[in-house]
Amino acid sequence: MRALPVRLDAVLIQALIAAALSFAHLHDLASAAGQHGWKAWAYPVSVDLLLVAAWRRLRSGGAKAAGWSWFLVALTASLGANVATAGLLDLDAVPAWLRILVAGWPAVAFLGGTLLAHDAPKPQAAPEPESDEDVVAPSPSAPELPAAEPESAPSLTASVPPALVAHARKVADDHRARTGTPIDTSTLRARLGVPMPLAEVIAAQLT
């Protein structure tokens, strides 16, 4: 014999039966109070949902006062309908005060469900100020180190071969003989084919 995929629980079956009976009593009371059609079926749904929302709030561990308050409100509405439809109330002549309570229940259920579904935002803790021990003060006895001076570029004078200086002097003399003016650094660099820094060093030695 194959085992059932879902084990039947006696407590669960009893809860379903009780919920169905309470659902029917709420429907009958709402219908007798003038709420016909789909409205009569919506009343027991709103009561049961409010009970579930209050129970979830109690299980969550926060705001137990609000959870218990709305749980008792929904439980009173359910028990009241059960007692009223048990023969103690003439459903053919529902009193005016009961009609007012039934008509005002949707607003009460909406308010309770909204308050239970949305928690109040928790205040954020302010950051703790830093203590004096956390702030490290500079040591007054520590000497200040002088700023590092940029290293001077190595002199190019020692790297200029004498033969190159002699050749540059001949080029400068030839330029003066042809033009009558001393040779400039740019022309000297172009005639010698050397970088501009080296041409400047050579030109300084020619003066």
Side-chain angles (χ1 to χ4, degrees), residues 1-140:
M1 182 178 179
R2 296 180 58 185
L4 293 176
V6 179
R7 187 179 63 178
L8 296 179
D9 191 347
V11 178
L12 179 60
I13 296 176
Q14 182 182 7
L16 291 176
I17 295 174
L21 292 174
S22 179
F23 194 94
H25 292 160
L26 285 167
H27 169 269
D28 295 343
L29 181 62
S31 180
Q35 306 295 330
H36 305 292
W38 66 269
K39 299 178 183 179
W41 294 107
Y43 273 84
V45 173
S46 65
V47 174
D48 292 343
L49 289 180
L50 186 59
L51 278 172
V52 173
W55 179 248
R56 286 175 59 90
R57 171 61 65 89
L58 294 175
R59 292 291 301 272
S60 65
K64 290 186 176 295
W68 277 115
S69 298
W70 289 108
F71 183 83
L72 292 177
V73 170
L75 185 61
T76 302
S78 179
L79 290 177
N82 295 338
V83 174
T85 55
L88 300 180
L89 179 67
D90 185 6
L91 297 181
D92 295 330
V94 177
W97 62 267
L98 185 56
R99 292 177 179 271
I100 295 175
L101 289 179
V102 172
W105 171 255
V108 176
F110 176 78
L111 176 63
T114 303
L115 295 178
L116 291 173
H118 300 283
D119 295 332
K122 298 181 179 179
Q124 298 181 353
E128 298 181 358
E130 296 183 356
S131 60
D132 296 338
E133 297 179 356
D134 297 335
V135 180
V136 179
S139 176

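Annotation: Arg56, atom CZ; neighbour count of heavy atoms from other residues, nucleotides and ligands within 6.0 Å does not exceed 12.
Distance check, rounded to the nearest 0.5 Å: NE2 of His27 to CD of Gln35 gives 11.0 Å.
Side-chain contact between Trp70 and Leu111 is present, with at least one heavy-atom pair separated by less than 4.5 Å.
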Can you give the donor-acceptor pairs under 3.5 Å from side chains of residues 39-52 to other protein atoms, not counting sequence neighbours?
| from | atom 1 | to | atom 2 | distance (Å) |
| --- | --- | --- | --- | --- |
| Tyr43 | OH | Val102 | O | 2.7 |
| Ser46 | OG | Tyr43 | O | 2.7 |
| Ser46 | OG | Trp105 | NE1 | 2.8 |

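Of all heavy-atom pairs between Ala84 and Leu29, the closest is CB-CD1, 4.3 Å.
Between the side chain of Ser78 and the backbone N or O of Ala74, no donor-acceptor pair lies under 3.5 Å.
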